[in-house]
Amino acid sequence: MTKINAADKMVQVMEAWGIDNVYGLPGDSVDTTIEALYRERAKIKFTQVRHEEVAALAAAAHGKLTGRVSVCLSIGGPGAIHLLNGLYDAKMDHAPVVAILGQIQSHLLNTGFFQEVNTPTLFEDVAVYNKLVTNPATLPNVMDEAIRMAYTHKGVAVLTIPDDVPDHKIADTFVPTAGQFQLEQPQARIQDVDRALAMIKKAKNPVALIGKGAENAQLEAKEFVERYAIPFIQTMPAKGTIADDHPNALGQIGKLGTKPAYEAMFNADLLILIGTDYPYAPYINHKIPAIQIDADASHIGHRHNVDLAIVADSKSALTLLNARGEVVAQRAFLEACQQNMRIWRAWMSDVQSKKHTGVLPSKLFSTMSQMAPEDVVWSIDVGTATSFGARFITAKPTQKYTISAWLGTMGCALPGAIAAKSAWPNRPVYAICGDGAFAMVMQDFVTAVKYDLPMVLVVLNNQMLAFIEYEQQSAGQQNYGIDLADIDYAKFAEACGGIGVNVKTDAEFKAAMEQYQNPTKPVLINAAVYDEAPLPGKIVMDEAKGYMKFGFEYFKDKFQIPKMPPLKEIMRQFL
């Protein structure tokens, strides 16, 4: 019987599933696996990062962008702990990821040895599949099952492997199941579709909330909102599923959304949820009937009482809805929403003309959006970048847009850009992050340089945690602990071997984008940005009271009027 090293067989299983890249760092408790990856380096690339958190965030972004399982790897103990943040991002955004964790050798387990951490317990909450491998003969089967579970449950599979286990010879008999694996998507039932069509026909003011679950049904979703004259809102992870500048589009909802989306939601008489488990309940109208389309039955009724559930793949359901219903040529509610959006877009254009020093963030995002190639991949960080990206990037179905949606972890943009460029070397990649977020992962800009991953990365440098600044103000709290010491990120980029550019005006930023629109190496644009308020699309009463309390307490403490968002912007987004 032919024998093979267990680590080599495990890597062959990964190859069979189409895994072609592993993000991670080598080390003593995982070196046997690293050696196996070295032997198969022509088929599976190993991307060495400078911090394990970046490995997990990149793997999560890779899963979100491509829908394919991605792999991250680290030593046990401290390295494994560093992976947790990125793995929670994968868990919460439903990205398929396999994490390979090293562990001390088997005979030392449970002795309190150096760097011994009980990783099966530590990773229990984040994982859909979580195994400690102690038998070399089972390693290929366990890896095969881990990948299947990551796909099946759209989540994180974790394998803890003591370093001596993969170093054994095993029988070369295992056959991976990749060729037989196929996820069956639930199909819509005609009786449910016909009931939904009756509800849509009866409604005067229907509104659709479209989520990531409709990503595979871009054309069907577009036809649906056009066929039945329905205004639609897209969640942040779904941005660009239908073009942001579509006549029926109302942008996003919630704190990062638009006022027309908020007003449409609370003036609607029917809510159609398509592929979304949108978490911000206060921004959903709970007083109206709802239709929910979702392939995951556990999402049905999770956020809203549902009058009709269609447990089905969005593409299946929308295809039937489009085929069986009568066209609605005109709807007064849609026309009112479109007029609202024309006013909103005029406001957003006006925002970009305000007096300012430095680079105006709203104008920066608008400039990038206008210049972006049709197939660009956007990787947007958490903070003001999230807010301005939602509002001023006009995403298209031909583009990709990735963020840390549910975990909202700062530092996700650079790993996301690394993942995007690794997955699609020929596509342009634009990443945007705040100075606070970038500083958390900046060491891995050199990873982009090392692996020749040309991208444009913009740092919004205002020497402040700006989103938290306005978060504190809207809660009526005084700004504290938000100032950041300045770093010349352009010099840092050059020190890493990339291109660094400092820009201090809108014109300089536009010139830099024109120069590096198609870069040949990683480019970092360090933009000295104006402190522009990322105001909510609709300022609710509690936020208005918070701003008033902040202003009063500031004046009482410092005997001067605080710098506040322009009153015109506050009032029109409040009233």
Side-chain angles (χ1 to χ4, degrees), residues 5-11 13-14 19-41 44-60 62 70-90 97-123 126-127 130-134 136 139 142-143 146 156-168 411 414-415 418-419 422 440-448 450-451:
N5 184 278
D8 290 332
K9 189 63 180 179
M10 177 182 73
V11 171
V13 170
M14 293 162 61
I19 291 165
D20 58 7
N21 191 15
V22 176
Y23 301 95
L25 270 173
D28 55 358
S29 62
V30 77
D31 279 344
T32 303
T33 298
I34 290 291
E35 175 74 6
L37 288 170
Y38 168 74
R39 286 191 286 267
E40 293 297 315
R41 61 193 180 279
I44 297 182
K45 178 182 176 182
F46 179 71
T47 300
Q48 174 220 63
V49 297
R50 295 301 183 94
H51 194 290
E52 293 92 349
E53 180 182 10
V54 171
L57 284 170
H62 190 282
S70 188
V71 178
C72 57
L73 169 151
S74 86
I75 65 167
I81 293 166
H82 282 163
L83 289 177
L84 267 173
N85 189 55
L87 294 181
Y88 267 100
D89 180 60
V97 171
V98 172
I100 299 173
L101 313 181
Q103 181 57 284
I104 61 172
Q105 294 194 359
S106 302
H107 69 280
L108 296 171
L109 284 171
N110 304 315
T111 66
F113 195 73
F114 175 67
Q115 291 189 334
E116 182 179 5
V117 169
N118 186 347
T119 48
T121 298
L122 182 66
F123 286 78
V126 80
N130 184 18
K131 299 293 183 181
L132 170 65
V133 183
T134 56
L139 183 57
V142 173
M143 173 56 78
V156 178
V158 178
L159 299 184
T160 299
I161 309 173
D163 193 46
D164 58 306
V165 168
D167 204 25
H168 287 72
L414 174 59
I418 290 170
S422 298
M440 293 181 174
V441 296
M442 60 189 285
Q443 74 284 333
D444 271 286
F445 185 79
V446 77
T447 301
K450 176 178 179 178
Y451 291 104

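Since we're looking at a predicted model, the values are computed, not measured.
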Nearest 0.5 angstrom please: [X] [atom1] to [Y] [atom2], how far?
X	Y	atom1	atom2	result
Glu52	Ile75	CD	CD1	6.5 Å
Ile104	Phe114	CD1	CZ	11.0 Å
His82	His51	NE2	NE2	4.0 Å
Ile100	Ile161	CD1	CD1	5.5 Å
Glu53	Leu87	CD	CG	10.0 Å
Ile418	Phe445	CD1	CZ	9.5 Å

Of all the heavy-atom pairs spanning [X] and [Y], show the shortest one and how long it is.
X	Y	result
Ala146	Ala157	O-CB, 3.3 Å
Val11	Ala36	CG2-CB, 3.8 Å
Met143	Leu159	CE-CD1, 3.7 Å
Tyr451	Lys45	CD2-CE, 3.8 Å
Gly77	Val117	CA-CG2, 3.6 Å
Asp164	Gln105	OD1-CA, 3.3 Å

So, do [X] and [Y] sit near enough that their side-chain heavy atoms are less than 4.5 Å apart?
X	Y	result
Asn5	Asp167	yes
Pro162	Leu132	yes
Val156	Val158	yes
Asp89	Leu57	yes

Could you walk me through whether Cys72 and Val97 pass side-chain contact (heavy atoms from CB on, under 4.5 Å), step by step?
CA-CA 8 Å; Cys72 57; Val97 171; 4.2 Å; yes
Acceptor/donor pairs from residues 27-34 side chains to any protein atom, 3.5 angstrom cut, sequence neighbours excluded:
unit_1	atom_1	unit_2	atom_2	d
Ser29	OG	Gly76	N	3.0
Asp31	OD1	Gly27	N	3.1
Thr32	OG1	Asp163	O	3.0
Thr32	OG1	Asp163	OD1	3.0
Thr32	OG1	Asp163	OD2	3.3

Taking side-chain hydrogen bond (donor to acceptor under 3.5 Å, both in side chains) as the definition, give me every residue that meets it alongside Gln115, ordered by chain and number, with sequence neighbours left out.
none
Show the numbers, then the answer: is there a side-chain contact (heavy atoms from CB on, under 4.5 Å) between Leu414 and Met442?
CA-CA 8 Å; Leu414 174 59; Met442 60 189 285; 5.8 Å; no
Residues Leu73, Tyr23; criterion side-chain contact (heavy atoms from CB on, under 4.5 Å); working and verdict:
CA-CA 6 Å; Leu73 169 151; Tyr23 301 95; over 6 Å; no
Indicate yes or no: does Arg39 engage Asp8 in a salt bridge with an N to O separation below 4.0 Å.
yes
Could you walk me through whether Asn21 and Ile44 pass the side-chain contact (heavy atoms from CB on, under 4.5 Å) check?
CA-CA 5 Å; Asn21 191 15; Ile44 297 182; 5.8 Å; no
